[in-house]
Amino acid sequence: MAAPLGKRKSLCARRGSGAAYEGAGSAMQARELRWETLEALRASSKGRLKYFRHSDKDEDILEGCISPLTLTSYAGWVLDRMTASSAQAAAPSSSAPGGAAPHTDPTAQESSASACEGPAKPSAAARSEAKGSSDPGVLEVNQEVLPIPPVSKMAKVEGCIQMYEEIYRMKGRERLRQRQEQQEQLVRAAYDMAREQLKRFDEMKELKRRQEIQELREVMEKSLKETQGQQEKLKEEHRHRAKILNLKLREAEQQRQRQEEQERLRREEGQERLRRLYSIQEELLQLNQQIDPNYKHKDLPKIDLSAYSNRGNQICGLVSGLIRTTSERGFPSQMDVANTEQALKEMRGLISRMQQEIAAAVEEKKRRDEQEKKQKQEELLKKQQAEAQTPAPAQPSGGKQQKEALSVKAREGTMKWYQQLQDAAAQCAAAFSAMSSSKDSEVRKIRMELQKAVTIPVSQISTIAGSQLRQIFDKLNNLLSGKPVQSVGETVLVTQLPQGLDFVYYKLAEKFVKQGEEEVASHRESAFPIALVISGIWEMHPRVGDLFLAHLHRVCPYSVPFYPAYKEGASMEEYQRMLGYLVQDSKMEEEDHFLKRMSGLIRLYAALIQLRWPYGNKQGTHPHGLSYGWCWLAQMLNMEPLVVVTATLLYDFLEVCGNALMKHYHVQFWKLLLLMQEEYIPRIEAITNVGQKASLTRFKQFLEESLQKKDIPLPKGFLQPSFWRS
């Protein structure tokens, strides 16, 4: 009994420990899977019970711990199951190595297995199967081997808890399955409902779209009807306005025709008045030619016609200014014609008075001759009576000589020099005329390249840097010297054509003058670099200098100085061109543009006479130095002034060249300025109208400031020595 009892104790201990382990594992599993089970147990009636440790009434609670260990009534069912399973598992593997199987007690094995497994998972079906078993052999074995001890309350509670947990798990799984099915049904129902709602929504949306389309069609039809009605109204208004506009257009056309007719009549009258002015000016010039200030009658050596000549020049100047003003304004007015006719009457009266004075002087001379003849006869009688020699001729009686009048013509030597330059230019142009008129494509190509090789470098002359200016000079000098030059990517030689050098000479001189008309007229400081290049080319190639002067004198006759006279039979356009005006389509250029061009040319000439190319022959003299400028200034002062032109050119010349003339001529230069201020300025004022005194006022202020300070500053833009280091 001791051995079985020890086995039972060990089995119970194992069962207790196994039950505790299995209970802990089940609790952990329950906590992990379903915390609701514990919450349900706590909320159950048993879970709300209160237990007291030291209560005397609860001594049976400790009975399970004090009483000897026994198996529960469910242990038989467990042992039956374990015996059956172990017998089935041991049948195929019961063979031993010696051929004999070791003897094992199945009852002990089942007891140990059940003790280890414990009464954790008995179900109601198992219990009913154990209780309802009618196998007497099993009961005997159980009764003999393992008598059923009384079951303790703790084991019952533990078994009930485990059964409850198993049942609760099964119910939970069932509820979970039912809930999943319910959720799936709900999802399917929601899906079907959503699909139906989506269909209804699409149908509603389609209905609204059709309604909107229908409403839009109705609105469009309504607006179309309204638009058609408005169009009909607009068409009616348009027809009405078209009628009114047609009437207005006819009236405007008639008014335009009347205005054109009036304008045509006014233009014809203006042209008639302009032709009348030209004819009057032509007659004035012809009459003025009859007044020769140097006229000396063979019988009247002492007659002086300078006053008539001065007044004639003034009348011609006034009429010329009036014609220029009317040309800028358009057509002359009747008042202008009346003024010119009055000037013509005055000129005729002047001619008549001059002729009367000449006739009176002739009569007076005849009378004096008769008296002298009588006196000679008386003296002859006296001599004969006295038999004396004829007396020595008496000295002429001295008297104050009348101041000579100013001339309107250039000196004979100046005109001869002017004509020589023009003849040289004409000969040069004739030398390459065949090349200019050639239709050979090769000749024309070479001619264009030569012209570009000349004009492009001259157009690039500026005050940017001295090195650039020297490059331009070297390029031009090499071209004129017969060396190859690069121009626009082509190599150019003057020897490519027989008359190539004459062509280049002529075009280079012409381009220099063109730069004075355009570049210097717009940018006055550019006169100095252009003049430097001209001076250097002139020293190396004197023929270019002569052609430059010829072009300059033809474009600006005041640079000679020379006032071209009107030639009988010449048209007014030809005479205006001779005076330096540009005439296009029988229309003369404006006075301001004319004065601007003349100013640029005189400034270029004034810069040329005082500058020398710094890299040329320093031992030689200037090819056209300050002495030519002094002669030009003296000849200008010996000629009658012109309205506006004379004051403008003198101011430009002295502003550019005054400092150099002052340093070279010293006292003589100041005497010349004083002469201008005291005698020449009044002559200019006498022929200047009120609206033409701007240039005269500027010239007077320049003279007054210069004489007051006894100094003329360097002109603006004068090239300093530092320029050549740039």
Side-chain angles (χ1 to χ4, degrees), residues 425 451-480 485 487 504-556 558-559 580 596-616 622-626 628-629 632 649 652-660 714-724 726:
Q451 188 168 352
K452 289 179 182 179
V454 169
T455 56
I456 292 177
V458 176
S459 301
Q460 295 173 349
I461 296 175
S462 63
T463 58
I464 296 177
S467 59
Q468 181 185 9
L469 193 64
R470 188 171 182 181
Q471 289 177 2
I472 294 172
F473 173 81
D474 293 339
K475 190 172 184 179
L476 293 174
N477 184 33
N478 292 336
L479 179 65
L480 298 177
V485 175
S487 176
V504 171
Y505 280 159
Y506 191 89
K507 290 299 178 181
L508 180 59
E510 187 179 42
K511 182 60 179 178
F512 281 143
V513 176
K514 196 71 174 177
Q515 286 294 99
E517 283 186 285
E518 297 175 356
E519 183 65 21
V520 180
S522 302
H523 306 89
R524 296 182 173 181
E525 296 84 359
S526 62
F528 297 99
I530 297 174
L532 272 170
V533 176
I534 296 174
S535 176
I537 295 295
W538 199 334
E539 288 185 13
M540 303 296 294
H541 309 277
R543 194 177 175 189
V544 177
D546 295 340
L547 292 173
F548 168 76
L549 289 177
H551 284 291
L552 179 65
H553 293 166
R554 186 176 67 253
V555 176
C556 178
Y558 313 103
S559 62
K596 188 177 181 180
R597 288 194 305 108
M598 298 299 107
S599 175
L601 292 170
I602 290 298
R603 283 180 173 272
L604 179 61
Y605 181 71
L608 172 64
I609 62 177
Q610 62 176 315
L611 294 176
R612 290 194 65 184
W613 182 249
Y615 301 102
H622 195 294
H624 198 81
L626 286 173
Y628 287 89
W632 180 87
L649 298 184
D652 291 327
F653 183 83
L654 290 175
E655 187 183 31
V656 176
C657 194
N659 182 270
L714 282 172
K716 185 179 179 181
F718 189 82
L719 300 180
Q720 301 295 336
S722 59
F723 170 76
W724 300 104
S726 61

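What you see below is based on every heavy atom in this structure, not just the backbone, and it leaves out hydrogens, waters and symmetry mates. Sequence positions, counted from 1, serve as the residue numbers for this chain.
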What's the spacing between [X] [atom1] and [Y] [atom2] if we round to 0.5 Å?
X      : Y      : atom1 : atom2 : answer
Arg554 : Ser559 : CZ    : OG    : 11.0 Å
Lys507 : Gln451 : NZ    : CD    : 5.0 Å
Leu649 : Leu654 : CG    : CG    : 11.0 Å
Ser535 : Arg612 : OG    : CZ    : 6.5 Å
Ile530 : Lys511 : CD1   : NZ    : 9.5 Å
Thr455 : Gln515 : OG1   : CD    : 9.5 Å

(request) Might you work through the side chain to side chain contact (heavy atoms under 4.5 Å, CB included) test for Leu480 and Met540, ending with a clear yes or no? (result) CA-CA 9 Å; Leu480 298 177; Met540 303 296 294; over 6 Å; no
Nearest heavy-atom pair of [X] and [Y]: which atoms, and what distance?
X      : Y      : answer
Ala606 : Phe653 : CB-CD1, 3.8 Å
Tyr605 : Leu549 : CE1-CD2, 4.1 Å
Ile609 : Gly629 : CD1-CA, 3.5 Å
Gly536 : Phe473 : C-CE1, 3.4 Å
Ile472 : Pro457 : CG2-O, 3.5 Å
Leu508 : Val454 : CA-CG1, 3.4 Å

(request) Using a 4.5 Å cut-off on heavy atoms from C-beta on, say whether the side chain of Val533 contacts that of Val458. (result) no
(request) Could you tell me whether the side chain of Val656 reaches within less than 4.5 Å of the side chain of Gln610, counting heavy atoms only? (result)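 Gln610 vs Val656: side chains touch.
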(request) Identify, with sequence neighbours excluded, every residue that meets salt bridge (Lys or Arg N to Asp or Glu O under 4.0 Å) alongside Glu519. (result) none
(request) Could you give me the CA-CA distance, side-chain angles and deciding distance for Glu655 and Arg603, then say whether salt bridge (Lys or Arg N to Asp or Glu O under 4.0 Å) is met? (result) CA-CA 9 Å; Glu655 187 183 31; Arg603 283 180 173 272; 2.2 Å; yes
(request) Evaluate side chain to side chain contact (heavy atoms under 4.5 Å, CB included) for Asp474 paired with Arg470, printing each intermediate quantity in order. (result) CA-CA 6 Å; Asp474 293 339; Arg470 188 171 182 181; 3.8 Å; yes
Residues that [X] engages under side chain to side chain contact (heavy atoms under 4.5 Å, CB included), provided they are two or more places apart:
X      : answer
Ile456 : Lys452, Gln460, Val488
Arg597 : Glu517, Val555, Leu582, Glu589, His593, Phe594
Phe723 : Leu469, Leu719, Ser726
Ala531 : Leu604, Ala607, Leu608, Leu611

(message) Determine whether Leu714 and Gln720 satisfy the following criterion, side chain to side chain contact (heavy atoms under 4.5 Å, CB included), listing intermediate values before the conclusion.
(response) CA-CA 10 Å; Leu714 282 172; Gln720 301 295 336; 4.1 Å; yes
(request) Please check if the side chain of Trp613 supplies one atom and the backbone of Ile534 the other of a donor-acceptor pair under 3.5 Å. (result) no
(message) Using a 3.5 Å distance criterion without hydrogens, assess whether the side chain of Gln468 forms a donor-acceptor pair with backbone atoms of Ser462.
(response) no
(request) Sorted by first residue and then second, give each ring pair (Phe, Tyr, Trp, His ring centres under 6.0 Å) pair with at least one member in residues 518-550; sequence neighbours left out. (result) Phe528-Phe718, Trp538-His624
(request) Please step through side chain to side chain contact (heavy atoms under 4.5 Å, CB included) for the pair Asp546 and Tyr505, ending with a clear verdict. (result) CA-CA 10 Å; Asp546 295 340; Tyr505 280 159; over 6 Å; no
